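Below is one structure, written out as structure tokens; the observations come after it.
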There are 2 protein chains.
Amino acid sequence: MTETRWLDADEERSWRALRRLLTALPARLGRDLTALGLSSTDYEVLSTLSERDGWRWGLKDLARKMEWSRSRLSHHAARMEARGLIEREPDPDDGRGSIYHLTDAGFRTLEAAAPGHLDSVRRRLLDHLSRDELAVLERISTRIADLPD
Amino acid sequence: MTETRWLDADEERSWRALRRLLTALPARLGRDLTALGLSSTDYEVLSTLSERDGWRWGLKDLARKMEWSRSRLSHHAARMEARGLIEREPDPDDGRGSIYHLTDAGFRTLEAAAPGHLDSVRRRLLDHLSRDELAVLERISTRIADLPD
DNA sequence: TACGTTCTTTTGACATGTCACAGAGACCTG
DNA sequence: CAGGTCTCTGTGACATGTCAAAAGAACGTA
């Protein structure tokens with residue numbers, strides 16, 4: 001039996017602070033976005049789709065790019081299709097595949113929400129960080145996120 | 001009509017990196033915890049309850065402390081009570097109130113999971129940060145989390 | 001070509017969170 | 001102290017995520 005090594009005071013404070021950030025920031029951005037008519041997840045799907053020429057992605061590629069499970073994306077896409085934001089069609093090159101693409105309405109919805117969302121990210125995060133802090137945050141975030149799953 | 005001010009390259013990279021952290025880190029910690037038999041939320045409830053002498057909290061106070069909605073806590077507590085981790089009783093001082101407290105089984109479950117969770121936090125975060133980075137992270141997180149809702 | 005295996009999407013059952021509201025108790029004021 | 005109002009918890013309807021499995025298509029090989 002080895003003794004559990006607890007957190008020292010510095011670690012404890014940092015971890016508590018980060019936990020607060022981890023819950024508060026996404027919640028706030030999500031609320032702002034909801035006020036603009038989209039959930040965070042809706043926005044994520046729309047903006048990722050729009051990054052590709054023709055606004056077209058296969059489910060599998062899109063799910064990998066977004067780091068979502070395929071099941072999750074399939075469910076979510078079904079709901080978004082019902083609202084007319086995206087459409088799905090069979091992949092002509094692979095009978096198993098499914099191609100998702102933005103509708104015009106979906107693109108307009110994204111365009112309408114984007115400036116407000118950007119503003120929200122600034123007000124709730126970027127405006128409060130110096131250039132140095134921005135750099136450190138990027139370095140830390142990348143290193144941690146890049147660790148193996 | 002004012003022009004939307006988009007993110008510059010530094011801001012864009014930092015924000016993307018942070019977004020990856022915001023999704024990946026909680027997901028990983030949650031998976032580790034699940035392997036130990038508790039969801040993240042279960043762990044949060046148990047550990048917060050255990051912080052108070054007698055392991056007793058009123059729903060309202062506990063919800064505020066955890067920054068959860070009362071409804072959410074009520075639902076979750078009902079499920080945890082069904083599993084024998086906590087118990088609820090009417091508040092003798094306020095007929096509307098409800099007092100939650102850990103059961104022995106709940107406390108033992110928490111004790112059993114805590115070392116593994118701590119280890120997970122180290123492996124997936126703390127071990128990869130220098131003391132300086134730890135300090136910057138705390139400063140940034142606190143500042144952002146402390147912004148008004 | 002025929003077979004078994006692997007891959008891909010969808011679906012259903014279930015866990016969890018949000019929102020609005022019901023019901024009961026506490027509080028305030030004339 | 002009576003009536004209206006506020007506060008608190010729990011509940012029901014619904015949105016969203018996970019997991020396991022079904023159904024069909026593609027692939028590899030004898």
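Residue numbers begin at 1 in each chain, while the letters A, B, ... track the order of the sequences. Please read these numbers as outputs of a predicted model, since none were measured by experiment.
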Taking any heavy-atom pair under 4.0 Å as a contact, classify R31(B): base, sugar-phosphate, or nothing.
nothing
Within residues 68-83 of chain A: residues closer than 4.0 Å to DNA chain D (heavy atoms):
S69(A), S71(A), R72(A), H75(A), H76(A), R79(A)
Distance, rounded to the nearest Å, where [X] contributes [atom1] and [N] contributes [atom2]:
X	N	atom1	atom2	value
L38(A)	dA15(D)	CG	P	16 Å
D42(A)	dT16(D)	CG	P	7 Å
D94(A)	dA26(D)	CG	C1'	7 Å
K60(A)	dT6(C)	NZ	P	15 Å
D91(A)	dT8(C)	CG	C1'	11 Å
M66(B)	dG17(C)	CE	C1'	13 Å
D93(A)	dC7(C)	CG	C1'	16 Å
I99(A)	dT8(C)	CD1	P	13 Å

Inter-residue atom distance R88(A).CZ - L59(A).CG, 0.5 Å rounding
8.0 Å
Between [X] and [Y], a side-chain donor and acceptor under 3.5 Å:
X	Y	answer
S39(B)	T41(B)	yes
R72(B)	H75(B)	no
H101(B)	E89(B)	yes

With clusters defined by side-chain heavy atoms of hydrophobic residues (ILVMFWY) lying less than 4.5 Å apart, directly or transitively, does L49(B) cluster with L73(B)?
yes
Could you check which of dT10(C), dA26(C), dT9(D) has an atom nearest any side-chain atom of S98(B)?
dT9(D)
Any side-chain N or O of R96(B) less than 4.0 Å from the OP1 or OP2 oxygen of dG10(D)?
no
Using 4.0 Å as the upper bound for N to carboxylate O, is an ion pair formed by D61(B) and R64(B)?
yes
Could you tell me how the ring of W15(B) sits relative to the ring of H117(A): parallel (under 30°), tilted (30 to 60°) or perpendicular (over 60°)?
tilted
